[in-house]
Amino acid sequence: MAPHKAPDSSRRSDRSRRAIYDAALALVGEAGYPRTTIEGIAARAGVGKQTIYRWWPSKAAVLMEAFLDMAARAAEEAGPGAGGGEQGIPDTGDLAADLKLVLRATVDELNDPLMEAPTRALTAEGIVDARLGAEFVEKLLDPQLALYVTRLRAAQEAGHLRADADPRIALELLIAPLTHRWLLRTLPLTHAYADAIVDLTLGGLTPRP
């Protein structure tokens, strides 16, 4: 008789966490952050609500971790450098081409229905909930923005960007138009728009003869 094999608790926990992540993201996309509850997440995930409370102190903590996990998976699937993932922004020596590649990937992410709904919900809630907003910036936005700073500073050192340009302001010139159009839905968010932003921004930041 084969010996009894004890259940793998770590695998069970991973499955439960994934189910909770997926449930939280689905609910915040369908009903919005204010109407999403721990009870609703637990019911959608097929777990007891005490399981969630054992791992997270609040609904905000569940949603933030779920969103960060989703963003990490999206970056991994996109491949190195796409969208400013963990590998950093590409440095091929062509600053315009590198930035266009990253901004196009960002456009794709913002237009992805799986990413769009929870991103909008958490962005909106972060405006009224200062603590959630600060956590969103610290854990998600700041690490991504730091990659832009690194790439722009390398461009300065190579003489491709004005030495007096502030990299933080430069990256905001690139990111802010995308965010504005996406948040307010003023016009379609497209690759052509991303390319135009890069061309116009670098037109003011490239060293003049």
Side-chain angles (χ1 to χ4, degrees), residues 7-78 82-87 102-103 105-148 168 171-172 175-186 189:
D8 188 336
S9 60
S10 63
R11 290 184 62 185
R12 185 169 63 247
S13 294
D14 286 342
R15 285 196 298 270
S16 296
R17 283 182 183 273
R18 179 67 59 215
I20 292 167
Y21 289 159
D22 292 343
L25 293 170
L27 287 174
V28 77
E30 294 167 8
Y33 178 81
R35 294 184 179 180
T36 299
T37 64
I38 292 291
E39 290 76 11
I41 295 171
R44 175 72 70 94
V47 302
K49 65 179 182 179
Q50 291 306 317
T51 297
I52 296 179
Y53 282 120
R54 184 166 65 249
W55 290 338
W56 294 280
S58 66
K59 172 182 74 173
V62 177
L63 292 173
M64 182 60 64
E65 189 171 313
F67 188 84
L68 292 171
D69 177 75
M70 177 182 66
R73 281 185 287 162
E76 183 177 343
E77 291 172 2
E86 289 186 0
Q87 299 298 320
V102 173
L103 261 64
T106 301
V107 165
D108 291 341
E109 288 180 4
L110 293 175
N111 286 331
D112 183 345
L114 294 177
M115 293 282 287
E116 182 180 15
T119 304
R120 283 189 181 279
L122 285 176
T123 299
E125 188 62 23
I127 294 173
V128 297
D129 183 337
R131 179 176 296 180
L132 181 66
E135 186 178 5
F136 189 81
V137 169
E138 176 188 357
K139 293 184 177 180
L140 182 68
L141 293 184
D142 278 348
Q144 293 180 352
L145 297 181
L147 300 176
Y148 280 88
R168 177 70 192 209
L171 74 86
E172 289 174 351
I175 297 300
L178 284 183
T179 305
H180 178 273
R181 183 173 284 201
W182 175 74
L183 278 175
L184 301 182
R185 296 188 174 97
T186 53
L189 198 61

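Annotation for Gly48 and Ala42: closest pair C-CB, 4.0 Å, computed over non-hydrogen atoms. Of all the heavy atoms in Gly29 and Ala117, the pair that sits closest is CA-CB, 3.6 Å. Nearest approach of Leu25 to Ala66, heavy atoms of both residues: CD1-O, 3.8 Å. In this structure, Glu172 and Pro177 approach most closely via the heavy-atom pair O-CD, 3.9 Å. The heavy-atom pair separating Glu116 from Asn111 by the smallest distance is OE1-O, 4.5 Å. Shown here for Trp55 and Ser16, the closest heavy-atom pair between the two residues is CH2-CB, 3.8 Å.
The shortest distance between side-chain heavy atoms of Phe67 and Val28 does not fall below 4.5 Å.
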- Query: Would Leu132 and Met64 satisfy side-chain contact (heavy atoms from CB on, under 4.5 Å), going step by step from the backbone distance to the final call?
  - Reply: CA-CA 8 Å; Leu132 181 66; Met64 182 60 64; 3.6 Å; yes
- Message: Please evaluate residues Arg18 and Asp22 with respect to the criterion side-chain contact (heavy atoms from CB on, under 4.5 Å), reporting the C-alpha separation (whole Å), side-chain torsions for both, the decisive distance (0.1 Å), and the verdict.
- Response: CA-CA 6 Å; Arg18 179 67 59 215; Asp22 292 343; 3.9 Å; yes
- Query: Given the rule in the side-chain contact (heavy atoms from CB on, under 4.5 Å) test, do Thr36 and Glu30 qualify, once you have shown the distances and angles that lead to the verdict?
  - Reply: CA-CA 9 Å; Thr36 299; Glu30 294 167 8; over 6 Å; no
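Here the straight-line distance linking atom CZ of Arg17 with atom OG1 of Thr51 works out to 10.5 Å at 0.5 Å rounding. One distance of note links OH of Tyr33 with CG of Leu27; it measures 13.0 Å at 0.5 Å rounding. Taking CG of Leu184 as the start and OG1 of Thr179 as the end, the distance is 10.0 Å to the nearest 0.5 Å. Considering NE2 of His180 and CG of Leu178, their distance stands at 12.0 Å, rounded to 0.5 Å. Note that the CD1 atom of Ile41 and the NZ atom of Lys59 stand 7.5 Å from one another [nearest 0.5 Å]. The distance from the CG atom of Leu63 to the CZ atom of Phe136 is 11.5 Å, given to the nearest 0.5 Å.
Residues in residues 123-133 take part in no side-chain hydrogen bond (donor to acceptor under 3.5 Å, both in side chains) pair, two or more places apart or across chains.
Judged by distance alone, the side chain of Arg120 and the main-chain N or O of Trp182 form a donor-acceptor pair under 3.5 Å.
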